[in-house]
Amino acid sequence: MIRQIAALQQLKRAQSAVEAKVDSRLLLEQRRRGGRMTSSALSTLHTGVEVSRSGAVTVDIRADKVSGELLAAIRAAGGSTRTVSRRLGSVRAELPLPAVSTVARRAEVRAVELATEAMTNREQAPGQGPAGAARAESKEDTARRVDAELRAALGARAQTVTSEGDRTHNVDTARLRYGVTGVGTKICALSDGVASLAASQARGELPDVDVLPGQAGSGDEGTAMLEILHDLAPGAELGFATAFGSDAGFADNIRALRFDAGCDVIVDDVLYFKESPFQDWIIAQAVNEVTAHGALYFSSAGNQGNTLDGTAGHWEGDFVDSGQQAGKFAGAAHDFAGADGTQIFQPISEHSPGSLPVTLFWSDPLGGASSDYDLYLFDGAGNLVAMSQDTQNGTQDPYERLNTPVFGGSGLRLAVVKYSGADRYLSLSALRGRFSDSADGLRAYTTPGATFGHSAARNAVSVAATPAAAPFGRPLEPGDPPNPAGPFPGSFGGASKLERFTADGPRRVFYQADGTPITPGDVSSTGGELRQKPEVTAADGVRTSVSGFDPFFGTSAAAPHAAAIAALVLSGNPGLPAAEVREALLRTAVDIGPQGTDGVSGAGVLLADRVLAYTGATPQPVAGAQAPTVTPDGSDYLEPGGTATVRLPVRNEGDGPAVSTSVVLTSPTPGVTVSPRARAYGTISQGQTVANDFTVSVPAAHEPGAPVELRARVTFVGRYSPTTASFPIPVGRPSDEVRDFAYTGAAVPIPDDDAEGISVPLEVAEVGWAARLSVSVDGTECGTDPESTTVGINHSYVGDLVGTLTAPSGRSATLFQRNGASGNNLCQVVFTDDAERSFDSVSSAEAPFTGSFRGASPLRSLLTEPVDGTWTLHVADLAGADTGSLRSVSLHINGYVRPEAQQERPAQPRREVRNGPVRPL
């Protein structure tokens, strides 16, 4: 052992300044593959670095600034980008292993790390895959499954499935008693993906879901979470974004869900291994931002086990110098035994799964670690089998990470070595593993505090798990006691039991998010602050209609139950501050587990009837203006100088009647008059629509094609009053002439699995305002050959692709978003708002994809300004192994008939077209 650590420390001492930027596991793998591993002492060592068949590795590049030059340098080195966060200075990329050092040489690059991995907090029962596995289903298997499910759902709708948590949390009876369903709120989830979203919607399990463009992700845990949210809060709007692009991408999506999508309640079930237990890292900082803005944030506490049930693989405490030198050159091993004696090893249970991630953190600030600790894994024979020994000399993070061997092993034990610097408080975690006494006499040392990461952010609500119905279907390890069962069809109470895998707290934190010490001068076990984590407990082990998630176990399932109950509170108490919602949840939770608020269940299990009664929730009306019907006076079209009758419907989507409803209708468009300005709509019952007529007059000088904007302000008795809406009303006579504007360049290869993708320009001239817009992916002869040159986009596995159209105004609309699964090629496809069918309903059996479809976003949203200028179609491939090219695409635009004075020189439409274009029918 001493000889092996000494050999590694020799390599560490010899590192150059550039090598100090690079993950030690990457450096070691470079040496191994380059034939530069000179020490025989390291022959048993596994780096844990996954190298693709092409010799590439996935890395996170941390930079002072993500510039075009840096992205170009990545491509020049043979790499491709996966996720780019300019805000956080981070790029997830795939690089040839030898090119890692090339990129690290750049001055703006601070570090090149082995890509930070993540896992959801789903606990998989027998038949659902190995414990703790995430995203194990291949792309091809997912496509076949989703296609089959979608066809079955479209053929015959089965009875919908409802989570047992709806009953055990008393949500079903509370909705009836208090008359609240979640209306007026928007709940958004982050997880792996929503692969079978269309199938779930076709089965009637889910309504429309606002998926952030390009952020549908892969996998289906997100779909299962959304079903739980909808089961408990059926009146709430729903949204989703993936958390699996990268750690920085996850943080960006948290912000986007709040600031762009307007989510009131956000919930996730994801843990990134690099999230610090001692300071809010980039993901927790995003949580801090959205909660400061008024959002409620829920996150799963994790499935890392707890000391109460003896299932933990976690230890934290002050470094204790064992007095044993662990290497020839420098360093001393930590003594886990402390007052009990001397023991420099922490034994891992032989029943822990293979490829177990093990993390080491210490109490230096992020980006400012001046103490250098290293992590080593040995087998029972004393052979070094894995290590992590990055350089920390003042600018790096206090973090090391390794994986156990793929097939696990017996006698595995961990050692922590202080290479240099001060004694610090340590956190050592075997995520989803267990520390257990070894057969050769090593004692396992565990402590509370297994939960960490952004769920431990000060204002996040961390959620533990309790079974709703049948017990989890396998022992966590051989010889464990039986797992507990839930009360279904009854409800939770004081006798309810926690899942044995749910992670415990509290969480000790030493630094504010900006690195300021909470207790300056004391970063030991007597310093920092203790945060009560988790806060509450909710149901898992519930049914969903999603394949592989019936039942759905883990704190991944618990968190959306808690989030949905919070949405019901907000729905019945509009404007209630997030802090008061949080307080109400804590005060009304039913105590389970150890008496009082504890580190495993928090305040206890939530019951919807108790918290709705506590907050005084009442059914609220939500009356809102709908799209108006415009009837021009004496003409088929509303033209400059004309008038029209505008029938404006108002619909009550709320839970209670909208009493004394009235509408004020105005227009900010110069010269436009609306008469009358206001109308009474009376009482509008729940689900009812009432319409009234207004007269709109347009001045003769109004520019043809420029829409008139109408603004409706709806008032009623209720706390959601008033609601506002804006509607563009077209003015002018649409031209019958369809103008075609085609991309005329050469075919453009679409980079495989590269978020930056490619863009092609479409130049539009002499149109002005547009009445109609459609987009076609063209072609002259359609087929499924992925090498075809006669289709608009030849690409195997169209489900890899996201296509976005951007207008000269900067507004964008998503056309297709990872639809079509394994089907090949887009040919003679027209995207138009008038199509009966949405492209997200296509299956691979329909390839090559052809015909008319609605896109993921309405194209009319791009017509708010004149359309002349450069339009851009961007296409990105977001999954590996399949390739293709964009060949031909066109815009089809109807303008407006111009006054005679403007028609002296009619514009000639562009007719230079490659492989098309295809006009809408």
Side-chain angles (χ1 to χ4, degrees), residues 171-187 207 232-238 262-265 294-296 564-581 583-584 588 608-629 646-668 674-696 709-727:
V171 177
D172 53 356
T173 53
R175 281 197 307 270
L176 292 173
R177 180 176 179 181
Y178 296 97
V180 295
T181 64
V183 295
T185 67
K186 186 172 184 178
I187 322 173
L232 274 63
E237 296 180 60
L238 299 177
C263 303
D264 303 296
V265 182
L296 281 159
I565 292 171
L568 294 177
V569 174
L570 281 178
S571 178
N573 298 274
L576 190 67
E580 293 187 32
V581 177
E583 180 186 10
T588 60
D609 54 341
R610 289 168 60 97
V611 69
L612 292 177
Y614 180 87
T615 56
T618 56
Q620 298 293 318
V622 184
Q626 309 296 299
T629 301
V646 174
R647 173 156 291 184
L648 184 70
V650 173
R651 181 172 177 80
N652 179 11
E653 301 280 6
D655 292 325
V659 179
S660 301
T661 305
S662 65
V663 173
V664 173
L665 188 65
T666 59
S667 176
V674 180
S675 178
R677 180 177 178 273
R679 279 196 180 277
Y681 279 63
T683 297
I684 306 177
S685 300
Q686 177 186 359
Q688 183 184 13
T689 301
V690 174
N692 268 319
D693 291 341
F694 298 80
T695 299
V696 174
E709 182 184 357
L710 295 181
R711 293 178 179 174
R713 185 176 185 267
V714 183
T715 58
F716 49 93
V717 177
R719 283 180 280 182
Y720 282 115
S721 175
T723 62
T724 59
S726 179
F727 305 101

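Position 1 is the first residue of the sequence; numbering continues from there.
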Atom pair [atom1] ([X]) and [atom2] ([Y]), whose distance is rounded to the nearest 0.5 Å:
| X | Y | atom1 | atom2 | answer |
| --- | --- | --- | --- | --- |
| Leu176 | Asp609 | CG | CG | 12.0 Å |
| Arg711 | Ser667 | CZ | OG | 8.0 Å |
| Ile684 | Glu653 | CD1 | CD | 11.0 Å |
| Leu238 | Thr185 | CG | OG1 | 8.5 Å |
| Phe694 | Thr666 | CZ | OG1 | 10.5 Å |
| Leu665 | Phe727 | CG | CZ | 9.0 Å |

Problem - Pair Thr181, Asp655: side-chain N/O donor-acceptor within cut-off below 3.5 Å - result: yes

Problem - Polar contact flag, side-chain donor to acceptor under 3.5 angstrom, Thr695-Ser675 - result: no

Practice task
Determine whether more than 12 heavy atoms belonging to other residues, nucleotides or ligands lie under 6.0 Å from atom CZ of Arg719.
Solution key: yes

Practice task
Using a cut-off of 6.0 Å, state whether more than 12 heavy atoms not belonging to Arg610 lie near its atom CZ.
Solution key: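 Above 12, so yes.
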
If you compare all heavy atoms of [X] against all heavy atoms of [Y], which two are closest, and at what distance to 0.1 Å?
| X | Y | answer |
| --- | --- | --- |
| Ala584 | Thr615 | CB-CG2, 3.6 Å |
| Ala233 | Ala564 | CB-O, 4.1 Å |
| Gly179 | Pro619 | O-CB, 3.1 Å |
| Asn652 | Ala658 | ND2-N, 3.4 Å |
| Val663 | Val714 | CG2-CG2, 3.9 Å |
| Ala295 | Ala578 | O-CB, 4.1 Å |

Quick one: does [X]'s side chain have a donor or acceptor within less than 3.5 Å of a partner on [Y]'s backbone?
| X | Y | answer |
| --- | --- | --- |
| Arg175 | Gly182 | no |
| Ser571 | Val183 | yes |
| Thr715 | Ser721 | no |
| Asp264 | Ala567 | no |
| Arg651 | Gly687 | yes |

Practice task
With side-chain contact (heavy atoms from CB on, under 4.5 Å) as the test, would you mind laying out the steps for Leu612 and Val569 before giving the verdict?
Solution key: CA-CA 6 Å; Leu612 292 177; Val569 174; 4.0 Å; yes

Handout entry: Student check: side-chain heavy atoms of Val690 and Thr661 closer than 4.5 Å
Key = no

Problem - Contact check, side chains of Leu296 and Leu570, non-hydrogen atoms, under 4.5 Å - result: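 Yes, close enough: below the 4.5 Å cut-off.
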
Practice task
Enumerate the residue pairs fulfilling side-chain hydrogen bond (donor to acceptor under 3.5 Å, both in side chains) with a member in residues 619-629, sequence neighbours excluded, ordered by first and then second residue.
Solution key: Thr618-Gln620

